[in-house]
Each structure stands twice: as C-alpha cells, then as structure tokens.
Trainee: 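Structure below; questions to follow.
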Amino acid sequence: MIQAILVFNNHGKPRLVRFYQHFPEEIQQQIVRETFHLVLKRDDNICNFLEGGSLIGGSDYKLIYRHYATLYFVFCVDSSESELGILDLIQVFVETLDKCFENVCELDLIFHMDKVHYILQEVVMGGMVLETNMNEIVAQIEAQNRLEKSEGGALG
Amino acid sequence: MLAGSRPGVGKAATSRRLAPLCSPSPGKSKEAEIKRINKELANIRSKFKGDKALDGYSKKKYVCKLLFIFLLGHDIDFGHMEAVNLLSSNRYTEKQIGYLFISVLVNSNSELIRLINNAIKNDLASRNPTFMGLALHCIANVGSREMAEAFAGEVPKILVAGDTMDSVKQSAALCLLRLYRTSPDLVPMGDWTSRVVHLLNDQHLGVVTAATSLITTLAQKNPEEFKTSVSLAVSRLSRIVTSASTDLQDYTYYFVPAPWLSVKLLRLLQCYPPPEDPAVRGRLTECLETILNKAQEPPKSKKVQHSNAKNAVLFEAISLIIHHDSEPNLLVRACNQLGQFLQHRETNLRYLALESMCTLASSEFSHEAVKTHIDTVINALKTERDVSVRQRAVDLLYAMCDRSNAQQIVAEMLSYLETADYSIREEIVLKVAILAEKYAVDYAWYVDTILNLIRIAGDYVSEEVWYRVIQIVINRDDVQGYAAKTVFEALQAPACHENLVKVGGYILGEFGNLIAGDPRSSPLVQFNLLHSKFHLCSVPTRALLLSTYIKFVNLFPEVKPTIQDVLRGDSQLRNADVELQQRAVEYLRLSTVASTDILATVLEEMPPFPERESSILAKLKKKKGPSTVTDLEDTKRERSVDVNGGPEPAPASASAAVGPSPAVPACCDGLGNNLLLFCSLMSRGVSQPQRAFPKHPRISAGGSEFVCKNNGVLFENQLLQIGLKSEFRQNLGRMFIFYGNKTSTQFLNFTPTPVPRCGLDSLTRTHLNLQTKPVDPTVDGGAQVQQVVNIECVSDFTEAPVLNIQFRYGGTFQNVSVQLPITLNKFFQPTEMSSQDFFQRWKQLSNPQQEVQNIFKAKHPMDTEITKAKIIGFGSALLEEVDPNPANFVGAGIIHTKTSQTGCLLRLEPNLQAQMYRLTLRTSKETVSQRLCELLSQQF
C-alpha cells in the first residue's frame with residue numbers, strides 16, 4: 001500500500017501532499033520536512049529507494065522517489081508494493097501530468113492544484129494503484145474537463 | 001482583487017485565483033507570507049460567515065484556496081461545513097472539489113462523518129457512474145471505521161452487480177480493499193467472494209488489476225475461500241507472458257505487456273504454496289521460465305522505463321520462485337540472474353538483487369549458490385556510493401554467513417565498520433557480535449573480535465554485547481586465560497573506550513590470577529593499570545572497578561594494603577555518589593574484618609551463566625523488526641547450542657548468577673541487569689516474531705490478584721499502562737480496558753485484540769466468547785483510550801484469554817501480550833443456605849471425582865477478616881454458623897455457563913499452628929472443582 005505521496009521542489013516547498021493514512025497536520029508537515037532532508041542529500045545517480053524516515057513507517061516501509069528538474073516525487077510504500085513498479089507508476093503519473101498540461105512545470109502544480117489532485121486520483125485511490133494505462137487516465141481527465149466546460153458554460 | 005475575480009473556466013481563470021498567494025516574491029520574508037495568508041484566511045472566513053449566501057462557484061473557489069493554504073503547512077480549522085454542502089450539489093465540479101477537500105482534510109474522527117456518509121449514500125444510489133466513482137474514492141481515501149460500518153455491505157454488491165460499469169467496478173474493488181484493511185471484521189464474506197474471483201477473467205485489464213489487489217489481501221486471511229484464484233491467476237499470467245507486445249494495446253508499457261498486472265498476479269500466487277494440480281503447476285513453471293528467458297533477450301527499447309518494467313516482473317517472478325522453494329532448477333537460475341544484477345550498472349538493480357538474494361540465502365537449495373557471490377558482495381560493501389545499497393550488502397553477508405565463511409565475513413564487516421555510516425553502525429556491531437558468537441570454533445577468535453568491535457566502534461557497542469562476552473568467558477574455562485591476557489594488553493592503549501575498561505575490569509577481577517605469574521602483568525601492575533583509568537570513567541564503571549578491587553583483595557593478598565589505601569581515600573569514602581561511597585565503605589570493612597576463608601567464599605569466582613537465547617539477537621530483532629531476523633535464524637538451523645561447552649549448569653546457579661552473595665552486589669552488576677533487561681524484553685514480547693507461526697508468544701501472566709477483584713492495573717511498562725474495570729452477571733460479563741500512553745509520542749496502528757486461548761480441547765469447542773470493537777489506531781502521547789469487551793462463558797474453562805497488543809512507537813513495532821484475568825470463578829452466583837441444607841448437599845456430592853482437595857502452606861498472614869473478604873471476592877456466598885468449627889469457612893454458589901449451571905460447595909480449614917490450609921471443593925463437575933480449587937488456593 002502507498003502510505004503517502006509527496007511532491008516538493010528543490011527547496012523543500014511542498015507542491016502536492018497526499019496521505020492515505022491519517023496523520024495530524026503537524027506530523028504531516030514534519031514528515032514532508034524529514035523526507036525532504038532524506039532525499040536532498042542523495043546524489044542524482046544513486047538508487048531510488050531508501051528506508052523510510054523515523055516518522056513514517058518503520059522497517060517495512062520504503063521511500064521510492066524520482067527527481068525531475070526542480071521537483072522530487074516521493075512515494076512512501078510498504079513491502080506489498082514492487083519497488084520498480086512504483087518507480088514506473090511515478091513515471092506514468094508525471095507523463096500524464098505532462099500530457100494534461102502540455103509540458104508540465106512546477107507552476108502548473110501550484111495554479112492547478114485541484115486538477116493535479118484529480119489526475120492523481122485516477123492513478124492512486126486510497127493508497128492503492130487504480131489505473132496504470134495512461135490513455136485511460138487521460139481519457140477520464142478529458143471527460144472531466146468536458147463536464148466542467150459544459151457546467152461553466154451553463155453558468156455563463 | 002482576489003474576492004472580486006470573476007467566475008470563469010480554464011487555465012487562465014484558475015491561475016488568477018491563486019496567484020496572490022503563491023507569487024514567487026524572493027524579497028519577502030516568511031513573516032510577510034504568514035501575514036498574507038492570515039489576511040486571506042480572514043477574508044475567506046468572513047465570506048463563509050457573511051449574510052450573503054455564496055454561490056456554488058465561490059464556495060468552490062474558496063475551498064480550493066483553503067486546500068492550497070493547507071498544503072503550505074498552515075492549519076485549516078474551518079470550511080469543512082462548506083465542503084460538505086458542496087457534496088450535495090448537482091454540479092460535478094462542485095461535488096468534486098467538496099470530495100477532494102474532505103479526502104485531504106477531514107480525518108477519520110470527524111463528527112461530520114455522518115453528514116458526509118449521507119451524501120455518499122445518495123451518490124452511490126444515484127446510478128450516475130461519475131458520482132458513484134467520486135463517492136467510492138472518498139470512502140477509500142478516508143477509510144474510517146464509521147465509513148466501513150456504513151458501506152461495507154453496499155460496496156461488494158456494487159462490485160459484483162452485472163450492470164456496473166468497468167470504471168466503477170475498478171473503484172469498488174479498491175474501495176472494498178481499503179475497508180477490509182482498516183476494519184476486516186466489518187466486511188462480511190459471502191457469495192460475492194466467488195464472483196470476485198471470477199473478475200480475474202474480466203475483459204478489462206484495469207478491473208483485473210484492481211481485483212487482483214483485492215483478492216491478494218483477502219486471500220492472506222482467508223486462503224481456503226480464495227483457493228480457486230490460483231488456477232485463474234496462472235492462466236491469466238500465462239496469457240500475458242506469452243502474448244506479443246502489441247496484444248494488450250494500452251496496457252503495454254514501453255513494450256512490456258501489462259507489467260503491473262503481472263506483478264500483482266505473481267504477488268497473489270505468493271499467498272499460496274505451489275499448485276497441486278500438475279497441469280496448473282506445469283503452466284506456472286513455463287511462465288516463470290519464459291520470464292527468466294526474456295531477461296536474457298536483447299532489450300526492445302533503450303529507455304529505462306522498458307528495463308524497469310521488465311525487471312519489475314522479473315524480480316516478482318524470482319520472489320515467487322523463492323517463496324515456493326521447490327524447484328531447484330528455477331532457484332539456481334534465479335540465483336544466477338540475481339548474480340548478473342549484482343554487477344549491473346543500474347544502482348536500483350544492484351540494490352534489489354542484494355535484497356532478493358538475502359531471502360534466497362535462506363533456501364536450502366540455493367544457499368551454496370548464493371555463497372559463490374561473496375566476493376562481489378564484499379566488493380559492493382567497499383565500493384558502493386549509496387548507503388542504502390551498502391546496508392543491503394551487510395544484510396546479505398549476514399544472511400549468507402555460515403561456519404565456512406564466518407571468519408572472512410566477520411573480518412570484512414569489521415573493516416567496513418571503521419568507515420561505516422553512523423546510521424548503520426550499531427546494527428553492524430550487533431550483527432558482528434552475533435556471527436562471531438554463533439560460528440566461533442575458536443573462542444580466542446571470538447574474544448578478539450569483540451574487543452576489536454569495542455576498539456573500532458566502542459560507542460555503538462551496547463550493553464548486551466559486552467555482557468555477552470563476559471557470559472561466554474565465564475562459561476568457558478578454556479578461553480579465560482587468553483581473555484585475561486588480551487584485555488590486559490588492550491588496556492595498555494593510552495586511550496581506550498570505557499566499554500573496554502568495563503570488560504577488562506570484570507575479566508581481570510575474575511581471572512587476573514591466570515596471568516599474574518608473568519612479572520609484566522603482576523597483580524600490582526594489573527591493579528595500577530586499571531586504576532589509571534578509574535578517574536576518567538563514569539560512575540557505573542567506577543562502581544564495577546571497585547568490585548574488581550575487592551576481588552583482587554581475595555585473589556592477590558599482596559596488593560591488599562594498596563587497595564585498602566585506595567578505598568580509604570577521601571575520593572572514595574566520601575564520594576558524593578551514594579553507590580560509590582557505600583561500596584567503598586563496605587568493601588573496606590569486608591577486607592579488614594573477614595578472614596581469608598570468608599573472603600574466599602564471598603568473593604568466589606562467578607558460577608556459569610544459564611544458557612539463554614542471546615540477548616544480542618533479541619536486540620537486533622527489536623531494532624530490525626522481528627520478521628527480518630527470525631527468518632534467517634529459523635531457516636538456517638545452525639544454532640550454536642554448544643556455546644556453553646560443558647554440561648548444563650545446575651539449576652541453582654541461575655539464582656547464583658544474579659547475586660551470589662549479598663555482600664558483593666557489585667560483582668554481578670552488569671550481568672544481573674542484563675538478565676533483568678532480557679526478561680523484561682521477553683515479557684514485553686518484543687522479540688516475538690511478527691508472523692504468527694514460528695513461536696508462541698511469551699505471555700506475561702495477568703497476576704492472580706485479579707481472581708478476587710475486578711478492578712485495577714493489569715499491566716505497566718515504560719510505554720503503556722493497562723487498567724481494568726469489569727462486572728459479571730451469571731454467564732455474562734463486561735470488561736472495560738483502559739490503555740494509557742505513558743510517553744509523549746503517539747502510538748500508531750494501535751491494535752489490542754483479546755483472544756480466548758487454546759486449551760487442549762478448544763479445537764472442538766469454544767468456552768468463552770469475546771466481543772469487542774477495535775479502538776482508534778492512534779493514541780496520542782499522554783492520552784488514554786478505552787475498549788469494551790463483552791464476555792460470554794459458554795462452558796467451564798481453564799485457560800484465561802490473552803490480550804495481544806500491537807502498536808508502533810517511534811518507528812519500532814511493539815508487541816505486548818498479557819493474560820486477561822477472566823477466570824471461571826467470575827461466573828459465580830452466591831447462594832445462601834442453612835447448615836442443614838449445606839451438609840445434606842455436601843453428602844450428596846460424595847463421589848470421589850466430585851471432590852478436589854488441596855493442602856497448602858499459607859503465603860500470607862492468616863487473618864480471618866481478610867480470608868472472609870477473599871471468599872466473598874471469589875464470588876461464592878460466605879455461610880456463617882454453618883460449620884460446627886467456627887474457625888472454618890464454608891461457601892456456596894453456582895457457576896453459570898451458557899450450557900450448564902454447576903452448584904459448588906467449598907470449605908476452607910485453617911491450621912494456625914502449622915500455618916497451613918486445607919481447601920475442599922465439591923461440585924457436580926470434576927473440571928469445575930479442579931479449576932476452582934486451583935484458583936482459590938493461590939489466594940491464601
């Protein structure tokens with residue numbers, strides 16, 4: 001199961017935070033900070049897995065992350081997930097973002113936070129992998145956009 | 001301007017909405033940001049509170065802003081109601097943002113849950129797939145118990161209904177999985193289970209993937225019910241593996257057909273042993289071979305995604321091969337494949353290969369094959385740049401270690417330790433200590449290794465490690481001389497670690513005489529050497545050294561005056577530390593007044609320690625999480641039963657080891673503590689494996705004091721206190737259990753489960769029914785939570801139920817088991833009767849099986865009033881003026897169970913002179929007489 005999905009930039013500013021297990025707000029913030037410090041000190045070309053921090057998990061949990069330009073995408077998962085599978089899932093998520101926003105950048109995550117959440121929801125649900133087929137995900141998002149447009153139009 | 005922005009659609013409008021909050025303004029400080037956010041929060045609050053009803057769009061806009069502010073790390077304490085209102089909107093976009101807010105911000109305890117549940121119920125019933133999807137997502141994301149209570153019955157219906165759309169089915173499967181994870185007791189198994197299994201044949205691969213995840217989790221707990229999934233999973237897997245990369249269209253990821261589904265199917269198969277049906281088994285073997293073959297084919301793409309996906313499947317296939325552990329041919333191929341990965345240029349693959357090989361090392365078929373890679377692994381330890389990978393290498397070396405390579409591996413680990421990252425030093429120290437002990441043929445090597453450990457990483461050598469070396473030296477007389485010589489030499493170093501001083505002090509105190517013949521290590525030299533370290537040491541070490549000195553007085557009469565001078569010194573006799581001062585005073589006195597014979601008796605050499613499981617191992621288990629260590633230990637079966645060498649120590653020495661003589665409490669300082677520590681570890685169940693099968697948990701007895709009372713503190717350790725309040729009526733009872741978190745840190749995943757314990761005949765019958773609800777899985781520091789257990793006694797029983805408590809505290813997994821004081825006498829109903837009635841019934845129950853008698857010595861002062869109170873507390877009526885002898889006590893009552901009622905008569909005859917009691921129980925049922933007699937006898 002995926003326990004948390006954290007996206008932050010190179011300065012540790014959170015850009016997307018999603019917890020699938022309940023933590024109080026201040027612990028959530030601590031987890032983001034701790035995770036940032038854990039991945040920040042790692043070189044780019046070493047392995048993408050590391051043992052979870054002290055706040056989240058324990059020995060059964062791993063942090064699996066990818067670093068894209070200015071953003072870190074970190075998934076905290078338990079041993080029931082395949083490490084490489086999650087790594088690919090991050091890639092699917094990012095590629096989908098890229099398709100939906102046409103060349104996604106950090107600002108898209110800020111200005112379209114709701115949309116980013118909706119895209120994520122099509123990929124991961126309640127901590128479990130929902131859909132991995134990028135075309136299917138994009139089709140769902142486009143259907144949502146159409147709905148939104150028709151409602152927006154009605155509001156005029 | 002913010003508030004005034006006009007509703008709009010698309011990118012530009014959304015951008016404007018949030019711009020003022022997050023415009024990157026490098027010049028501004030943190031305070032400015034907080035100020036801006038507070039201003040915005042105040043604005044939104046006033047909008048929500050304002051008289052003018054907000055339209056749906058504005059609500060949506062503000063809720064979105066709140067989400068963003070929350071992301072930046074600010075508390076949001078309002079807006080929940082507005083979000084809930086959005087749920088009942090008919091507009092998709094409003095509903096959607098409402099659900100999003102709730103999934104992100106409403107925790108599982110919120111009181112709003114009822115309102116939210118209502119909205120969800122409506123959406124589930126709407127038959128609008130988009131709305132149903134949103135509702136299912138929300139249930140899965142929140143996943144609280146309340147939601148499970150409300151929807152655990154409904155979701156399976158949606159999942160298996162014939163007309164449900166694929167996308168909804170997919171969501172329903174995962175939603176059910178989430179509910180099952182949080183509240184398995186609330187998800188009813190039923191005829192839907194067989195239909196879920198058939199989803200493995202579904203056309204839509206997304207549905208199959210979700211269903212596989214669901215079935216995997218369900219099958220772990222109900223393997224029988226989902227057995228049929230094995231053959232379906234194998235045939236599905238086979239179709240994927242043998243398909244051309246274009247067959248699966250969209251589910252082909254970078255030329256790999258449906259990698260996620262393959263991984264999930266292989267996981268599902270790991271819930272079961274190898275298939276029994278030869279056809280299915282053959283097909284599976286074929287699949288696994290195909291996957292292994294594909295690994296050797298040239299890549300279809302140079303992209304890393306291609307190799308990633310391909311290898312994800314490959315690693316999962318290898319896991320399954322290891323799990324089945326039955327096909328030597330596949331195991332060897334798997335090992336070779338991993339061997340290739342050990343040298344791969346991708347760090348991720350090297351990491352995973354080390355990790356998989358670690359489990360492979362415990363298989364009989366491949367242990368030898370794994371060992372051939374030792375040089376590569378050692379090289380990884382030396383050259384990997386990534387600490388995660390090096391840590392895996394340490395784990396693998398530990399797993400592949402056996403008698404043939406122990407010396408090499410220990411040497412490599414020791415040399416790595418000199419430069420190891422601080423974060424993993426303690427673990428390496430423990431591992432080295434365990435391997436050195438386990439595979440020591442030559443105990444001189446063992447002593448050298450541990451002293452090296454202390455030299456290289458003294459700060460990381462925990463007490464368990466140095467206690468252990470002392471235990472072993474004391475238990476093996478062939479190594480004592482060598483140990484004394486070695487510590488003496490090691491102590492020569494100008495700066496040595498305090499742990500070395502402790503070990504040195506202890507060993508020289510016991511065995512210094514073995515090297516005293518050499519003038520270079522004469523008694524006086526030994527003493528001076530130790531005393532030169534004395535002033536640099538902490539109080540406990542100094543206390544230990546004082547004990548060494550008094551032992552020297554016995555071993556070497558010639559240094560007695562020197563030592564007496566030291567003890568007499570102001571810095572000892574008037575030391576501010578009470579412990580040191582007391583030792584100095586007592587030892588000085590002992591050395592002055594006692595004759596040589598008495599000294600020799602009091603200060604005799606320590607007797608051998610009773611053999612126990614190494615406390616170091618317990619510590620490693622605690623550190624690493626129990627399952628990782630036990631697996632290796634249990635499967636390798638190379639336990640070092642011969643550590644003690646000689647015959648089993650006599651039972652008497654067990655107590656002697658803890659305190660041979662009250663006059664020398666210090667001699668056993670460390671070791672006494674060690675045993676205590678170890679016992680407390682065991683009673684807390686920390687070293688108990690997480691998986692249920694290998695060993696029975698040690699259960700700390702709930703104490704017999706609860707037999708005659710219903711309230712009190714049941715259990716207490718440093719973390720947790722458990723209090724009880726209970727009431728019983730006839731065959732029913734109710735128990736309130738209070739769990740108090742004594743720390744300031746949260747407990748996570750807190751799950752207490754009371755379970756009836758298995759008596760011999762419990763396989764066929766249940767004696768006790770316990771019903772309870774799980775408690776909130778997080779217990780805040782200092783907080784108390786309550787759990788109610790409803791009890792029904794079905795028939796008479798002997799074994800008290802057990803309360804198993806698991807939780808995570810600061811990242812480590814804690815496991816506590818205590819006996820719940822639910823004993824047979826709790827179901828007593830007192831009966832008053834006259835003397836005549838009593839003796840008439842007494843005579844009726846004269847059959848020898850109906851009477852149980854126990855004569856025993858009083859453990860407590862024989863006080864009449866206390867005895868009376870205890871009999872009443874026990875549950876029976878206390879009958880006055882019945883027995884002709886007024887000193888005797890008689891009682892009567894009925895034991896109520898669901899199936900029977902048993903009349904009980906009891907008679908307790910005290911004999912003050914002999915300080916003895918005779919207790920006689922007569923009931924119509926032998927087992928009841930027996931049990932009640934046992935229970936009541938403990939009380940006096």
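Chain letters run A, B, ... following the sequence lines, proteins first, then strands; residues in each count from 1. Predicted model, so just to flag it, every value in this text is computed and none were measured.
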Trainee: Pairing donors with acceptors under 3.5 angstrom, does anything connect the side chains of A:Gln144 and B:Gln96?
Mentor: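 Yes, a side-chain donor-acceptor pair sits under 3.5 Å.
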
Trainee: What part of A:Lys115 gets within 4.5 angstrom of chain B, counting heavy atoms only: side chain, backbone, both, or neither?
Mentor: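 The answer is neither part of A:Lys115.
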
Trainee: For the atom pair OG (B:Ser213) and CE (A:Met125), what is the distance rounded to the nearest 0.5 Å?
Mentor: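 Separation between the atoms: 11.5 Å.
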
Trainee: Taking side chain as everything from C-beta outward and backbone as N, CA, C, O, which of these in B:Thr745 sits under 4.5 Å from a heavy atom of chain A? Side chain, backbone, both or neither.
Mentor: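 Neither part.
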
Trainee: Please determine whether side-chain contact (heavy atoms from CB on, under 4.5 Å) holds for the pair B:Leu205 and A:Asn133, giving the CA-CA distance in whole Å, both sets of side-chain angles, and the decisive distance to 0.1 Å.
Mentor: CA-CA 9 Å; B:Leu205 284 194; A:Asn133 172 355; over 6 Å; no

Trainee: Can you see which heavy atom on A:Gly126 is nearest to which on B:Arg178, and at what distance?
Mentor: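 Shortest heavy-atom separation between A:Gly126 and B:Arg178 comes out as O-NH1, 3.3 Å.
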
Trainee: Hey, mind stepping through A:Glu83 and B:Arg392 against salt bridge (Lys or Arg N to Asp or Glu O under 4.0 Å) and telling me if it holds?
Mentor: CA-CA 15 Å; A:Glu83 289 95 340; B:Arg392 292 290 147 259; over 6 Å; no

Trainee: Do B:Arg181 and A:Met128 touch side chain to side chain, with heavy atoms closer than 4.5 Å?
Mentor: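 Yes - at least one pair of side-chain heavy atoms lies under 4.5 Å apart.
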
Trainee: Does any non-hydrogen side-chain atom of B:Glu316 lie less than 4.5 Å from one of A:Ser82?
Mentor: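 The answer is yes; the side chains approach within 4.5 Å.
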
Trainee: Given a strict heavy-atom distance threshold of 4.5 Å, which part of B:Ser171 is in contact with chain A: side chain, backbone, both, or neither?
Mentor: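 Both parts, backbone and side chain.
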
Trainee: Is it the backbone or the side chain of B:Leu352 that comes under 4.5 Å from a heavy atom of chain A, or both, or neither?
Mentor: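 Side chain only.
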
Trainee: So, do B:Thr130 and A:Leu147 sit near enough that their side-chain heavy atoms are less than 4.5 Å apart?
Mentor: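 In contact.
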
Trainee: Mind ranking A:Val17, A:Asn48, A:Leu16 by heavy-atom pairs under 4.5 Å with chain B and telling me who comes out on top?
Mentor: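 Among A:Val17, A:Asn48, A:Leu16, the one with the most close pairs to chain B is A:Asn48.
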
Trainee: Would you say A:Arg18 and B:Asn141 make side-chain contact, with heavy atoms under 4.5 Å?
Mentor: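 Yes, their side chains come closer than 4.5 Å.
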
Trainee: Please state whether the side chain, the backbone, both or neither of B:Ala309 comes within less than 4.5 Å of a heavy atom of chain A.
Mentor: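 Both parts, backbone and side chain.
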
Trainee: Tell me, for B:Tyr99 versus chain A, whether the close heavy atoms (under 4.5 Å) come from the side chain, the backbone, both or neither.
Mentor: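 Interface part for B:Tyr99: neither.
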
Trainee: Is it the backbone or the side chain of B:Leu748 that comes under 4.5 Å from a heavy atom of chain A, or both, or neither?
Mentor: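 Side chain only.
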
Trainee: Contact between A:Glu136 and B:His204 at the side-chain level, heavy atoms closer than 4.5 Å - yes or no?
Mentor: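 Yes, side chains in contact.
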
Trainee: Check each atom of A:Gln121 against the heavy atoms of chain B and say whether the ones under 4.5 Å are side chain, backbone, both or neither.
Mentor: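 Both parts, backbone and side chain.
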
Trainee: At a heavy-atom separation under 4.5 Å, does B:Phe70 approach chain A through its side chain, its backbone, both, or neither?
Mentor: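 Contact with chain A involves both backbone and side-chain atoms of B:Phe70.
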
Trainee: Go through the atoms of B:Thr209 and report whether side chain, backbone, both or neither lie under 4.5 Å from a heavy atom of chain A.
Mentor: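 Interface part for B:Thr209: neither.
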
Trainee: In the structure I gave you, are the side-chain heavy atoms of A:Asp114 and B:Ile97 within less than 4.5 Å of one another anywhere?
Mentor: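 SC-SC contact between A:Asp114 and B:Ile97 confirmed.
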
Trainee: To the nearest 0.5 Å, what is the distance between CE (A:Met113) and CG (B:Leu100)?
Mentor: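 Answer rounded to 0.5 Å: 7.0 Å.
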
Trainee: So, does B:Asp386 use its side chain to make a donor-acceptor pair with the main chain of A:Ile46 at under 3.5 Å?
Mentor: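 No, the answer is negative, given that no donor and acceptor are paired below the 3.5 Å cut-off.
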
Trainee: Would you mind reporting whether A:Ser80 and B:Arg267 have side-chain heavy atoms less than 4.5 Å apart?
Mentor: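 Of all side-chain heavy-atom pairs linking A:Ser80 with B:Arg267, at least one is under 4.5 Å.
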
Trainee: With a 4.5 angstrom heavy-atom cut-off, is it the side chain or the backbone of A:Gln30 that approaches chain B, or both, or neither?
Mentor: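 For A:Gln30, there is no contact with chain B at all, as no heavy atom is under 4.5 Å.
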
Trainee: If I measure from the heavy atoms of chain B, does A:Asn145 come under 4.5 Å with its side chain, its backbone, both, or neither?
Mentor: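 No part of A:Asn145 comes within 4.5 Å of chain B.
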
Trainee: Is there side-chain contact between B:His137 and A:Tyr118, with heavy atoms separated by less than 4.5 Å?
Mentor: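 Contact flag for B:His137/A:Tyr118 side chains = no.
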
Trainee: Does the B:Gln305 side chain pair with the main chain of A:Asp88, one donor and one acceptor, at a distance under 3.5 Å?
Mentor: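 No, B:Gln305 side chain to A:Asp88 backbone: no donor-acceptor pair under 3.5 Å.
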
Trainee: Could you tell me whether A:Lys13 atom NZ has more than 12 heavy atoms of other residues or ligands within 6.0 Å of it?
Mentor: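 Atom NZ in A:Lys13 is not crowded, with 12 or fewer foreign heavy atoms closer than 6.0 Å.
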
Trainee: Does any heavy atom of chain A fall under 4.5 Å from the side chain of B:Tyr351, the backbone, both, or neither of them?
Mentor: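 Contact with chain A is through the side chain of B:Tyr351 alone.
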
Trainee: Working to the nearest 0.5 angstrom, can you tell me the gap between B:Leu67 CG and A:His117 NE2?
Mentor: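 Answer for the CG-NE2 pair, B:Leu67 versus A:His117, is 6.0 Å.
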
Trainee: Which atoms of A:Gln140 are under 4.5 Å from chain B, going by heavy atoms: the side chain, the backbone, both sets, or neither?
Mentor: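 For A:Gln140, side-chain heavy atoms alone lie under 4.5 Å from chain B.
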
